[in-house]
Amino acid sequence: MACRYAPGKSMGRRVVPVIRPQEDGGFGFSSVKIGWNRVSQPLAPWARGSVFGTSHRAGGQTMGSEQEGQLDRLRHSTAHVMAEAVLEIFPEGKLGFGPPIENGFYYDFDLPRSLTIEDLAEIEERMKRIIEGDYPFEHREISVEEARVLFANQPYKLDQIDRLASGQEDEHGEAGSEPISTLSIYSHHNFTDLCRGPHLERTGQIPVDAFKLLSVAGAYWRGDEHQPMLQRIYGTVWETKEQLDDYLWRLEEAARRDHRKLGRALDLFSVQDLGGPGLICWHPKGARIRRIIEEFWYQEHERGGYEIVYTPHIGRAELWNVSGHLDFYRESMYAPMDVEGQEYFIKPMNCPYQILIYKSRRRSYRELPLRWAELGTVYRYERSGVLHGLLRVRGFTIDDAHIVCRPDQVEDEILGVYDFSLSMLRAFGFRDFAIYLATRPDKFVGVPERWDQAQRALERALEAQGLPYEIDEGGGAFYGPKIDIKVKDALGREWQTTTIQFDFNLPERFEMTYVGEDGQEHQPYMVHRALLGSLERFFGALIEHYSGAFPVWLAPVQVVLIPIADRHNAYAYEVAAQLKAARLRLEVNDSGDRMQAKIRDAQLEKVPYMLILGDREMETGTVAVRLRNGQDLGDLAVADFVVMAQSAIAEKRDL
RNA sequence: GCCACCCUAGCUCAGCCGGCAGAGCAAGCGCCUUGUAAGCGCUGGGGCGUCGGUUCAAAUCCGACGGGUGGCUCCA
């Protein structure tokens, strides 16, 4: 009960800098927290509540396998031991919740002072002593009255007791119905907690060398920003030291892949103080990658039956009134600017303007479906605390498209978008996907019946394809339900990319119509979709997925020519000209460095191919090919190398 | 926005309990002309995020603001 799984999201934290959430790709309509969120088996300290948390919230032990249940028990028990250690130091400390989470656990406290990293070391020491004391965990059922007495000095526990006793919440943290009369408590040594359990039998079953406290962070009581902020200590614990080390290594690996770090190291992008937070500057090498993505994107969209459009970046207030943005989205929009006495807003979404194009003339049912795509840059005000690298920004480009169709076409269109999305994502090297159906949020427009109808349409589309998916309750956009697709990267983390959103709000607000076969006017259906999400976030995902070592077709520099001595420079330029003619992106390193240093530099820049040019190559007209994976392919004729590189590009291979 | 922490040369980072700033890498220059992850030397470069306090004296203490990091909340 008390220490049931966290109400909100919960995340592991780590010593090393890591990733985290970002704005969702969609039309911005975020909702899904990605970023660190990318849960999943392999890694995923960053496992969060939201969608993934469902199994947790659903009851704690429902993690599936027996082993996971056992790990949960271990983590939950370790959280209790930590709480005791904290109370030893702060006898007046107040307890919040302390659940197990993906890869670890946390416990929230209200303490007289802020914790420091140094405190963690002392808490760990005390935890070790409690573990070595091998105290038994004892379970008891007590009445609500007894509990109120027992936790008289624990206001948060009393709060929880009240909620349970009044039936506001059940012991699994779900909205309850039946008031509860008995409560479950667990004790060990000098610590007792209101808790559903289960726990280990004894503290001694916690491996002393396999746990670690990772960080301290603020967290609102019950995840409600109107409630007091508690101090949350994140920790991790495993069954063996090897598992702990492995986990810590994964955290470090994630830190090594951090797109912000790689973005600077590889000179891909930056965020400038003087310009403003959350606003991305794409450096030449990052921009090269972006252009490759964009060119591929345009090409695929044209093949996929889309027309390309462009729309303005700002629009009069009335446009956003009609669209409903000023009613539903204003807090996320930049303040208006006055132009000749008229208010203009920077666009937070592309859809209204696309609708204006639609409305520029009468439309016939024969024209539908219309599929209009645009790489539309939007700006949204995001609270400062949520900004993060490329993942959550204030200005970004959505690979947007809007499909206007007849009701009888909508399912096919959604299916089409779904397939299109997967093929697009696969092209960029993503193989595993997680699919979510996001339903009606608290704040929504339209009538519930239409929402239900739309959700059923999306469900049917999903089911027609036989794709496994999860429900993201309340995660829909204000104007309609949606399907979200997240890709899993090389570390198993999930990144929000595709969003396919049903919209029956805008067609109505803008009074969109088409003339049907019957000569009457009908209201069309509209689907918004973004496949990559936003170019910024997608780029961030790509960087981390590839750890900066992009496949040849995306690599900003595909080949570095390395003349061994000055006398080989001329030959290098000659080869460079040939490669350039073959449209390869290359650089000649004609600096005074030794070959070794040149190779090292190219390695650090993660350039796929290094061509070493010395006397031997010059004489035979060849190039010595070294791959960035360290492999030495020996001398190849220039033409052969070109064929090799071009095939890697054509097939979008790594090398 | 909230809690905590951080902000020293382009980058990574040292500068303990206050006394007028250092290293490595990078950069520029020079020597070497070199076969698969760093050849050697020299030189330039910051006044310690900004503003304001405390002090005889602050990069080192306090405060505000800005930016960042980890979470929380939010995310049409």
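Every chain is numbered from 1 and lettered A, B, ... according to where its sequence line falls, protein lines coming before strand lines.
- On the P atoms, B:C7 is 8 Å away from B:G49, given to the nearest whole Å.
- In this structure, A:S114 reaches the B:A4 phosphate: one of its side-chain N or O atoms is under 4.0 Å from OP1 or OP2.
- Atom-to-atom, CG of A:D601 to P of B:A27 comes out at 8 Å; the value is rounded to the nearest Å.
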Restricting both atoms to N or O, compile the protein contacts to nucleotides 32-35 of chain B shorter than 3.5 Å, with distance only.
| unit_1 | atom_1 | unit_2 | atom_2 | d |
| --- | --- | --- | --- | --- |
| B:U33 | O2' | A:R567 | NH1 | 3.2 |
| B:U33 | O2 | A:D566 | N | 3.1 |
| B:U33 | N3 | A:D566 | OD2 | 2.8 |
| B:U33 | O4 | A:D566 | OD2 | 2.9 |
| B:U34 | OP2 | A:R567 | NH2 | 3.2 |
| B:U34 | O2 | A:R594 | NE | 3.4 |
| B:U34 | O2 | A:R594 | NH1 | 3.4 |
| B:U34 | O2 | A:R594 | NH2 | 3.2 |
| B:G35 | O6 | A:D615 | N | 3.3 |
| B:G35 | O6 | A:R616 | N | 3.1 |
| B:G35 | N1 | A:E617 | OE1 | 2.9 |
| B:G35 | N1 | A:E617 | OE2 | 3.3 |
| B:G35 | N2 | A:R616 | NH2 | 3.3 |
| B:G35 | N2 | A:E617 | OE2 | 3.0 |

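- Separating the CZ atom of A:R113 from the P atom of B:C5 is a distance of 11 Å, rounded to the nearest angstrom.
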Between side-chain atoms of residues 619-626 of chain A and protein atoms elsewhere (two or more places apart, or another chain), which donor-acceptor pairs fall under 3.5 Å?
| unit_1 | atom_1 | unit_2 | atom_2 | d |
| --- | --- | --- | --- | --- |
| A:T620 | OG1 | A:R616 | O | 2.9 |
| A:T620 | OG1 | A:T622 | OG1 | 2.8 |
| A:R626 | NE | A:Q603 | OE1 | 3.0 |
| A:R626 | NH2 | A:Q603 | OE1 | 2.9 |

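- For an aromatic pair to be called close, the ring centres must be under 6.0 Å apart, and A:F105 with A:Y107 fails this.
- Nucleotides B:G28 and B:C72 are separated by 48 Å at their C1' atoms, to the nearest Å.
- One atom, CG of A:D267, and another, C1' of B:A26, lie 13 Å apart when rounded to the nearest Å.
- B:G63 and B:U54 have their P atoms separated by 15 Å, with the value rounded to a whole Å.
- Counting to the nearest Å, the C1' atom of B:A37 and the NZ atom of A:K606 are 13 Å from each other.
- Residues A:N569 and A:D590 bring no donor and acceptor atom of their side chains to less than 3.5 Å of each other.
- Side-chain contact annotation: A:T439 with A:E473, donor-acceptor N/O pair under 3.5 Å present.
- Rounded to a whole angstrom, the distance from the C1' atom of B:A21 to that of B:U34 is 38 Å.
- If you take CZ of A:R260 and C1' of B:G67, they are 14 Å apart, rounded to a whole angstrom.
- As rounded to the nearest Å, B:G52 and B:G66 have C1' atoms that lie 14 Å from one another.
- For the residue pair A:R222/A:Y220, the side-chain donor-acceptor check at 3.5 Å is not satisfied.
- In this structure A:F269 satisfies the ring pair (Phe, Tyr, Trp, His ring centres under 6.0 Å) test with no other residue, sequence neighbours excluded.
- Comparing A:M229 and A:G630 by the nucleotide of RNA chain B whose heavy atom lies nearest to each, the residue mapping closer to the 5' end is A:M229.
- Taking every heavy atom of both residues into account, A:Y381 and A:R383 meet most closely at OH-CA, 3.8 Å.
- Taking atom P in both B:A9 and B:C48, one finds a spacing of 10 Å when rounded to whole Å.
- A:T236 and A:N103 are not linked by any side-chain donor-acceptor pair at a separation below 3.5 angstrom, with hydrogens and angles left out of the test.
- A:Y220 contributes a side-chain N or O that forms a donor-acceptor pair with the base of B:G1 under 3.5 Å.
- Residues A:D110 and A:Q231 bring no donor and acceptor atom of their side chains to less than 3.5 Å of each other.
- For the pair A:R250 and A:Y247, the cation-pi test (distance below 6.0 Å, angle within 45°) is failed.
- Note on A:Y234: a side-chain N or O is less than 4.0 Å away from OP1 or OP2 of B:C72.
- Ring centroids of A:W495 and A:F538 are separated by 6.0 Å or more, keeping the two rings apart.
- Note: A:F502 and A:Y525 have perpendicular aromatic rings, judged against thresholds of 30 and 60 degrees for the angle between ring planes.
- Side-chain contact of A:D615 with A:H568: a donor-acceptor pair under 3.5 Å is present, judged by distance alone.
- Taking 90° from 0 as the syn/anti boundary, the base of B:G49 is oriented anti.
- You'll find the ring centres of A:F97 and A:Y106 outside the 6.0 Å limit.
- A distance of about 40 Å separates the C1' atoms of B:G67 and B:C40, rounded to the whole Å.
- In RNA chain B, runs of at least 3 consecutive Watson-Crick or G-U pairs, each pair with both distances below 3.5 Å, span B:1-7 with B:66-72, B:10-13 with B:22-25, B:27-31 with B:39-43, B:49-53 with B:61-65.
- A:K347 forms no cation-pi arrangement with A:Y379, by the criterion of a distance under 6.0 Å to the ring centre and an angle within 45° of the ring axis.
- Here the separation of B:G45 from B:G22, taken at their P atoms, is 13 Å to the nearest Å.
- Scanning atom types as modelled, no donor and acceptor separated by under 3.5 angstrom connect the side chain of A:R600 and the base of B:U36.
- The base of B:C74 sits within donor-acceptor range of the side chain of A:R392, with an N or O pair under 3.5 Å.
- With rounding to whole Å, A:R383 atom CZ is found 19 Å from B:G67 atom C1'.
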Could you list, one pair per line, each protein nitrogen or oxygen that sits under 3.5 Å from a nitrogen or oxygen of nucleotides 6-15 of chain B, together with the distance?
| unit_1 | atom_1 | unit_2 | atom_2 | d |
| --- | --- | --- | --- | --- |
| B:U12 | OP1 | A:R264 | NH1 | 2.8 |

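- In this structure, CD of A:Q227 is placed 13 Å from P of B:C74, rounded to the nearest angstrom.
- We find that CD of A:Q231 is positioned 13 Å from C1' of B:C2, with the value rounded to whole Å.
- Across every non-hydrogen atom of A:L279 and A:G395, the tightest pair is CD2-N, 3.9 Å.
- Listed by residue number, the members of residues 269-281 of chain A with any heavy atom below 4.0 angstrom from RNA chain B are A:D273, A:P277.
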